[in-house]
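Naming: A, B, ... by sequence-line order, numbering from 1 per chain.
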Amino acid sequence: MSTIKQEITELVKEAIYFAANRGEIGNVDVEKIYIEIPKRKEYGDFTTNIAFSLAKEQGVSPHIVAKAIVRSIKKNETIEHVEVSEHGFINFFISKHRLYKVLKEIMEKDTEFGGGDLGRGKKVIIEFVSANPTGPLHVGHGRGAAYGDTVANILAFLGYEVVREYYINDVGTQIDNLGKSVKARYLQLLGQDVPFQDEWYKGEYIIDLGNKLVERYGNTARDYDISFFIDFAKLEILEGIKQTLAKFRVYFTNFISEKALYESGEVKKVVDKLDELCYLYKDKEAILLKTKEFDDEKDRVIIRSDGSPTYFLGDIAYHKNKFERSPSFLINVLGQDHHGYVERLKASLSALGYPKDSLKILLYQLVTLTRCGNPVSMSTREGEFVTLDEVIDEVGVDASRFFFISKKLDTHLDFDLELAKKRNLDNPVFYVQYAHARICSILDKAKKMGIELGTYDSVDLSLLRLEEELSIIKKLSLFPDEIRETIYEPSHLTLYLIEVATRFHNYYNHYRVISSNLDLTLARLTLVNCIRIVLRNVLKLLGISFPEKM
RNA sequence: GCGCCUGUAGCUCAAUGGAUAGAGCAACGGACUUCUAAUCCGUAGGUUGUGGGUUCAAGUCCCUCCAGGCGUGCCA
């Protein structure tokens with residue numbers, strides 16, 4: 001079932017086609033049609049500026065073109081009225097009858113309303129968070145987690161087969177430093193005087209790990225190899241990360257270990273393959289990949305002069321691994337601080353023969369944490385940071401997730417701990433949840449009074465004639481369009497939620513749903529129930545709870 | 001130096017190149033004998049960082065400059 005917006009788009013396309021056939025306007029590319037919601041209600045429910053672009057191409061006035069198009073529009077039950085503005089906009093007014101059908105669709109589809117089969121038969125592997133297991137997650141990771149999880153939810157809702165993946169960088173310099181840091185702390189706790197190097201991890205959690213080792217092994221581990229400490233620390237930290245993610249309602253299908261890619265020989269295979277393709281060369285004992293041939297600004301080292309591989313090499317192998325699982329496309333959610341890395345990664349995949357555009361990289365701008373406007377530091381290595389865990393405990397999962405998602409990806413996000421705890425429209429999650437709870441309360445009261453929600457056919461929806469009621473239905477009807485248009489920018493969904501909630505709260509304060517007029521009560525109960533369904537469906541996608549009582 | 005992102009009301013943010021740039025917060029004034037006042041209604045608040053350009057139309061696209069963030073490793 002198509003949405004009203006889709007119907008109108010089709011009608012306009014047809015009309016242009018007919019008008020062109022009759023020679024009233026020239027031939028045009030009908031794919032360019034864009035239907036939008038006008039800012040002012042006197043301009044109708046939907047509008048299009050298509051006449052302007054056509055007029056330009058054909059040297060006629062927009063008004064004349066618009067008139068010609070309108071003459072060719074097939075009248076049907078959806079459209080109450082079409083008019084051409086003096087400038088040349090074509091404005092559509094939707095019939096009440098069609099709006100009532102929206103309510104029917106919402107009731108029938110319920111939890112599925114807004115979803116669809118856009119992605120049927122398509123598989124997507126989405127990688128997000130992928131924080132190094134060298135310390136707990138911090139606030140910045142929270143944005144990637146909330147965003148990646150939401151996008152994954154949306155894609156799944158639209159019918160894609162979604163694989164959620166976390167890539168663990170568990171080899172290399174940083175992880176070695178982690179092992180050394182933990183060993184040093186452990187030995188210090190045993191009373192040894194061990195120097196602590198500057199590039200090591202200084203966080204409190206390293207000492208905690210040292211303490212755990214003392215508890216578990218006493219002093220028997222003091223001569224163990226560094227790899228023992230690496231494995232121990234890695235597992236402990238990773239376990240902590242998984243717990244934080246679970247608390248944040250973020251789950252992964254797979255955790256892929258970089259180390260495992262080495263052990264399975266996949267990394268070596270990639271090197272051989274690249275060598276075979278003649279994209280490798282030696283420079284001062286180091287081995288470089290000719291990424292420059294694929295639009296990178298220079299070639300990149302994949303194996304250092306000392307024979308150790310770079311992180312980049314593991315990543316190439318990992319992406320090859322992903323492609324070999326035959327996805328329709330890949331998504332990587334990365335912090336903006338990794339953007340310098342995008343070109344070389346894409347270049348390496350081109351070298352392997354994978355199409356460049358089958359990897360979609362979504363960069364989010366960095367997060368700064370503040371309290372009452374004062375910055376809070378966030379360096380993992382220096383150990384001065386607030387963990388995501390602490391933030392969740394302080395402000396709650398719902399408020400945190402909403403906050404992370406509510407800003408556009410490419411804007412810097414200032415996460416203010418005090419602001420996130422406020423319970424007003426500065427922090428709209430409660431506002432939206434409150435609307436949901438209020439509706440549940442109404443439905444509950446009706447039920448206790450013995451009034452059951454009727455089916456579509458048994459309720460006289462034509463009693464919903466108020467401007468406010470019709471405006472709400474129009475807004476609800478846009479949800480399926482909204483979600484398809486903003487898959488990768490879910491901040492729009494938070495705005496949508498607020499708009500729906502605002503309309504509801506306003507309505508609630510001016511009119512009573514349950515009254516002595518049973519028919520009207522049934523009609524209004526149907527309306528608020530549909531609002532509830534839409535609010536719930538969106539909140540679910542955002543990983544936010546929808547309480548029945550507050 | 002070069003590259004990416006951002007700059008809109010006092011604050012946080014909206015506005016696929018469209019019609020008179022919108023919300024909330026804060027401020028001020030109102031609304032609970034009613035289905036939840038975590039709500040609602042009203043008032044006030046703007047040279048869209050700067051200067052040019054593109055066009056029927058620019059907050060939006062292009063260029064200059066200013067300010068902030070990030071990147072530019074044989075770090076990850």
Side-chain angles (χ1 to χ4, degrees), chain A residues 34-36 38-40 42-43 47-49 52-53 55-56 61-62 85-89 91 130-132 134 169 171-175 177 199 258 283-288 297-298 300-312 314-315 335-343 363-366 368 373 380-381 406-412 414 416 419 422-435 437-446 448-449 485-486 491-492 494-495 498-499 501-502 504-515 521 524-525 528 549-550:
Chain A
Y34 182 77
I35 304 292
E36 64 183 318
K39 285 177 188 158
R40 306 169 67 81
E42 53 268 40
Y43 299 145
T47 186
T48 179
N49 61 0
F52 288 89
S53 28
K56 176 153 188 190
S61 104
S85 78
E86 59 171 315
H87 309 277
F89 292 98
N91 298 334
S130 293
N132 289 353
T134 53
N169 294 117
V171 287
T173 323
Q174 296 310 317
I175 210 83
N177 282 340
E199 67 270 21
E258 182 180 8
D283 180 35
K284 288 180 248 163
E285 294 306 307
I287 295 177
L288 286 87
E297 55 185 34
K298 61 178 184 179
R300 305 290 174 174
V301 174
I302 58 165
I303 297 176
R304 303 186 188 94
S305 337
D306 67 2
S308 66
T310 61
Y311 168 89
F312 181 44
D315 231 61
Q336 146 79 10
D337 52 340
H338 289 78
H339 92 260
Y341 187 71
V342 172
E343 276 313 310
L363 293 174
Y364 61 91
Q365 291 294 319
L366 299 187
T368 48
T380 309
R381 199 171 305 170
S406 62
K407 307 285 189 289
K408 277 186 300 198
L409 257 209
D410 52 14
T411 61
H412 302 267
D414 179 21
D416 193 293
L419 196 66
K422 284 194 183 168
R423 305 212 157 184
N424 54 29
L425 262 171
D426 255 346
N427 183 21
V429 66
F430 301 112
Y431 181 81
V432 175
Q433 289 180 320
Y434 188 46
R438 267 182 157 176
I439 295 171
C440 290
S441 172
I442 297 171
L443 296 174
D444 189 51
K445 176 166 177 177
K448 282 178 180 148
M449 290 169 69
E485 287 161 20
T486 64
S491 62
H492 290 175
T494 63
L495 293 170
I498 293 168
E499 282 170 21
T502 301
F504 168 73
H505 283 309
N506 174 296
Y507 179 61
Y508 178 92
N509 273 276
H510 288 91
Y511 306 97
R512 292 192 60 77
V513 173
I514 300 173
S515 66
T521 300
R524 289 184 172 174
L525 281 174
V528 297
K549 283 192 167 48
M550 282 177 78

Within less than 4.0 Å of OP1 or OP2 of [N], is there a side-chain N or O belonging to [X]?
{"X": "A/K408", "N": "B/rA15", "value": "yes"}
{"X": "A/Y508", "N": "B/rA37", "value": "yes"}
{"X": "A/R304", "N": "B/rG73", "value": "no"}
{"X": "A/H505", "N": "B/rA37", "value": "no"}
{"X": "A/Y431", "N": "B/rC40", "value": "yes"}
{"X": "A/N506", "N": "B/rC41", "value": "yes"}

- Query: Does A/P428 reach the side chain of A/T494, with side-chain heavy atoms less than 4.5 Å apart?
  - Reply: no
- Task: Would you classify B/rC62 as syn or anti? Syn applies when the glycosidic angle is within 90° of 0.
- Result: anti
- If you measure from the P atom in B/rC63 to the same atom in B/rA26, how many Å do you get, rounded? 41 Å
- Taking atom P in both B/rC61 and B/rU6, what distance in whole Å separates the two? 9 Å
- Task: Establish, from distance only, whether the side-chain atoms of A/Y431 and A/T502 form a donor-acceptor pair under 3.5 Å.
- Result: yes
- Check the side chains of A/R524 and A/Y507 for a donor-acceptor pair under 3.5 angstrom, ignoring hydrogens and angles. yes
Does [N] pair with anything, Watson-Crick or G-U wobble, both distances under 3.5 Å, and if so, with which nucleotide?
{"N": "B/rU34", "answer": "none"}
{"N": "B/rG24", "answer": "B/rC11"}
{"N": "B/rU72", "answer": "B/rG1"}

- Query: So, for A/H87 and A/F52, is the gap between ring centers shorter than 6.0 Å?
  - Reply: no
- Measure from OH on A/Y364 to P on B/rC5 and round the result to the nearest Å. 18 Å
- Task: Return the nearest nucleotide to the side chain of A/Y434; candidates are B/rC4, B/rA38, B/rC13.
- Result: B/rA38
- Which part of the nucleic acid does A/L495 contact within heavy-atom distance under 4.0 Å: base, sugar-phosphate only, or nothing? sugar-phosphate
- For A/F89 and B/rA19, do the ring centres fall under 5.5 Å apart while the planes stay under 30° apart? yes
- Give the ring-plane orientation class for A/Y341 versus A/F312, where under 30° counts as parallel, over 60° as perpendicular and anything between as tilted. perpendicular
